[in-house]
Amino acid sequence: MTFLSLILIGTLVGIFVISMGGGGGAIYLGILTGVFQLPASVAASTSLITAIPSLLLGVYVYYRQGKIDFKIGNKMLIIALPAVVVGSLIAPHIPKFWYTAIISIILIVLGIQILFKNNKRRQKISDNNNSKIAFYGSLSGVMVGIAGLSGGGPIVAGLLLMGLNMVTAAATSSYVLIGTSILGALLHVSNSPVAWTEGIGLMLGALLGAFLGPHLMQRFNKYTIWLPYVMGVLLIIMGLKTLL
């Protein structure tokens, strides 16, 4: 695969994931393992490294647009960071089957919840949601620590279920993922090398995609009402694919 092709793939992935509030870890992981046949450990560290620059750029654009809910994001980040460390520590001791089954079920349940609850009116975020913030933040952190995934799915799902609209949920999730991805990358890179040839091409494309994503969300804001449904379906598909 040519370097130009890598940039093109990275751009498309970057637009998609930053618009959906993810870091793209799962997608990059799939590309690196499925297309480039990289070992899972190398793919995990490479996917996290690849996602960080695009997250930084995407969050900057969202910040300029005033779309990030820092109050909720900071609470979730405080919970998620220790969970990343815990996930990296327990990863060698968890049977792959059980981890896969648990994550799959959680993703499917979250997707179903979003599809059924998306028609409800937006609710005010209150202290009663602290338990939800703790749950979704810790789940995301554990996913980053164990498997090198970005963990954006649980965060966006939790934010949507707590009442945030899709744009704010995507922006806030991206903000949280900066911290978890950087910490996860440090932990994974210390134990596994990075495939820089593939990673740099994807990274450059993802940067372009991350710049375009928030602008597209702003420009086509009236159509973002459908994005939670897309997220719900994607979570279910990801869960089923992981399980099968």
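As the structure is a prediction and not an experimental result, all values here were calculated from the model.
- Residues in residues 157-179 take part in these ring-ring contact (aromatic ring centres under 6.0 Å, His included) pairs, two or more places apart or across chains: Phe70-Tyr175.
- Here the closest heavy-atom approach between residue Ala171 and residue Tyr62 is recorded as CB-CG, 3.5 Å.
- Here the shortest heavy-atom pairing between Leu164 and Leu160 reads O-CD2, 3.5 Å.
- In this structure a side-chain-to-backbone donor-acceptor pair under 3.5 Å is present from Ser174 to Ala170.
- A single hydrophobic cluster is not seen to contain both Phe211 and Leu12; linkage of ILVMFWY side chains at heavy-atom distances under 4.5 Å, directly or through other members, places them apart.
- Nearest heavy-atom pair across Ser54 and Ala210 is O-CB, 3.0 Å.
- Leu187 and Leu81 fall within a single hydrophobic cluster, where Ile, Leu, Val, Met, Phe, Trp and Tyr side chains are chained together by heavy-atom contacts under 4.5 Å.
- No continuous path of ILVMFWY side-chain contacts below 4.5 Å connects Ile78 to Leu177, so the two sit in separate hydrophobic clusters.
- The CE atom of Met162 sits 4.5 Å away from the CG atom of Leu159 when rounded to the nearest 0.5 Å.
- Looking only at side-chain heavy atoms (C-beta outward), Val156 and Met166 come within less than 4.5 Å of each other.
- Connection of Leu77 to Tyr63 is established within a shared hydrophobic cluster, with ILVMFWY side chains joined at heavy-atom distances below 4.5 Å, either directly or through further cluster members.
- Ile79 and Phe135 sit in two unconnected hydrophobic clusters of ILVMFWY residues. Membership requires side-chain heavy atoms under 4.5 Å apart, directly or through other members.
- In this structure, CD1 in Ile72 is found 11.0 Å from NZ in Lys132, a value given to the nearest 0.5 Å.
- Taking every heavy atom of both residues into account, Ser140 and Ile155 meet most closely at OG-CD1, 3.3 Å.
- The CG atom of Asn165 sits 7.0 Å away from the NZ atom of Lys67 when rounded to the nearest 0.5 Å.
- The two residues Pro154 and Leu139 come nearest to each other via the heavy atoms CB-CD2, 3.8 Å.
- Between Gly58 and Pro214, the shortest heavy-atom distance links the atoms O-CG, 3.9 Å.
- With hydrogens and angles ignored, the 3.5 Å screen pairs a side-chain donor or acceptor of Thr46 with a backbone N or O of Ala195.
- Within the model, atoms CG of Leu204 and CD1 of Ile7 stand 5.5 Å from one another, a figure rounded to the nearest 0.5 Å.
- Atoms CE and CG, from Met203 and Leu208 in turn, are 14.5 Å apart once rounded to the nearest 0.5 Å.
- The side-chain hydrogen bond (donor to acceptor under 3.5 Å, both in side chains) search around Tyr60 returns Arg64, not counting sequence neighbours.
- The side chain to side chain contact (heavy atoms under 4.5 Å, CB included) check on Ile182 picks up Ile52, Ile178, Leu186, with sequence neighbours excluded.
- Note that OG of Ser181 and CD1 of Ile49 are 9.5 Å apart. Values are rounded to the nearest 0.5 Å.
- Pro82 is linked by a side chain to side chain contact (heavy atoms under 4.5 Å, CB included) to nothing, counting only residues two or more places apart in sequence or in another chain.
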